[in-house]
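Report on one structure; see the data block that follows.
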Amino acid sequence: IRGKHGYGRLFEILFGTREGGSEGPLLLVLFIRDLIEHLEKISLSGSPVFLARTLVRALLLADDLALVASCAEDLQALLDGWCSYCDVNHLQTNVTKTEAVVFTFKGDSCRIYRGMLRELVYKSSGELSMDIELFTAFVYKNKKINVVPSYVYLGIFLHWLSAADA
């Protein structure tokens, strides 16, 4: 480490790689080279997701991964597939930094409320209620993944409400 008084003492790196080191991207590519192929083998029940007429199950750049599905069951299946991939390849996922965003369409009754996806329902009295919980959350290795209203992926701000109004 270099400071205003010169260089510090040398030390060994026993875990991980140096921040900004040239070996990091190479090691990442070696470890996840077959990830997309692995995810494509997972059987999904919902409609396929396309981006620019290309079938997409994940967006991946360096160590930023976004799983993409058209329904909650498919996203959970992809999360389970990611989990098994990590187990086989000795990878770890920081679940505290992992979030899910549910994008809906204009007029959809789904809303995010306190980290859970809920459906807006009108009672017979005409009062608006959010009593129906569609699902509490997604899980990764029995740990809850929060559902949030927005997400920044590679500097692009994605918000479920903006998508619903589009």
Side-chain angles (χ1 to χ4, degrees), residues 12-51 54-105 108-120 130-164:
E12 287 186 66
I13 299 174
L14 303 173
F15 185 79
T17 61
R18 297 175 297 136
E19 182 71 29
S22 60
E23 69 280 2
L26 175 61
L27 288 171
L28 183 70
V29 168
L30 290 174
F31 275 99
I32 64 169
R33 70 192 178 289
D34 58 344
L35 170 62
I36 300 301
E37 180 181 320
H38 175 79
L39 294 174
E40 288 174 349
K41 292 178 183 175
I42 298 170
S43 177
L44 302 180
S45 60
S47 301
V49 177
F50 290 91
L51 180 62
T54 302
L55 181 63
V56 175
R57 290 198 176 183
L59 302 174
L60 176 66
L61 180 66
D63 63 347
D64 287 318
L65 172 68
L67 300 175
V68 182
S70 64
C71 65
E73 296 81 14
D74 286 357
L75 182 56
Q76 187 59 58
L78 290 172
L79 280 166
D80 294 342
W82 168 246
C83 179
S84 67
Y85 184 87
C86 288
D87 288 344
V88 167
N89 291 285
H90 309 287
L91 300 173
Q92 294 180 349
T93 298
N94 186 348
V95 180
T96 60
K97 292 175 63 177
T98 304
E99 299 172 327
V101 179
V102 177
F103 296 98
T104 63
F105 54 90
D108 190 13
S109 60
C110 295
R111 296 292 179 264
I112 305 300
Y113 180 72
R114 293 186 180 171
M116 294 179 273
L117 181 66
R118 295 182 180 251
E119 186 170 9
L120 299 177
M130 285 195 286
D131 291 338
I132 298 176
E133 187 177 304
L134 299 181
F135 53 87
T136 54
F138 298 101
V139 292
Y140 178 85
K141 293 190 176 186
N142 297 318
K143 293 182 182 173
K144 178 182 171 184
I145 295 174
N146 259 352
V147 178
V148 296
S150 63
Y151 181 70
V152 177
Y153 182 73
L154 301 177
I156 300 170
F157 180 74
L158 305 167
H159 192 282
W160 74 275
L161 189 56
S162 297

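Sequence positions, counted from 1, serve as the residue numbers for this chain. Keep in mind that this is a model prediction, so the values were computed, not measured.
No donor-acceptor pair closer than 3.5 Å links the side chain of Asn89 to the backbone N or O of Leu91. In this structure a side-chain-to-backbone donor-acceptor pair under 3.5 Å is missing from His38 to Trp82. The closest donor-acceptor contact from the side chain of Glu99 to the backbone of Tyr151 lies at 3.5 Å or more, if one exists at all. Side-chain N or O atoms of Thr54 include none that pairs as donor or acceptor with a backbone N or O of Phe50 at under 3.5 Å. Put simply, the side chain of Asp74 never gets that close to the backbone of Ala69: no donor and acceptor are under 3.5 Å apart.
Note on residues 29-49: pairs passing salt bridge (Lys or Arg N to Asp or Glu O under 4.0 Å), not counting sequence neighbours, are Glu37-Lys41.
Across all their heavy atoms, Tyr153 and Ala66 have their closest contact at CE1-CB, 3.9 Å.
Inspection of the Tyr140 and Thr93 side chains reveals an N or O donor paired with an N or O acceptor under 3.5 Å.
By the side chain to side chain donor-acceptor pair (under 3.5 Å) test, Lys141 pairs with Asp87, sequence neighbours left out. Take Leu26 and apply the side-chain contact (heavy atoms from CB on, under 4.5 Å) test, not counting sequence neighbours, and it matches Leu30.
Residues Leu158 and Val152 have side chains not in contact (no heavy-atom distance under 4.5 Å, counting atoms from C-beta outward). Looking at heavy atoms from C-beta onward, Leu59 lies in side-chain contact with Leu51 at the 4.5 angstrom threshold. Here the side chains of Leu39 and Ile42 are in contact, with some heavy-atom distance below 4.5 Å.
For the atom pair CG of Leu35 and SG of Cys86, the computed distance is 8.0 Å after rounding to the nearest 0.5 Å.
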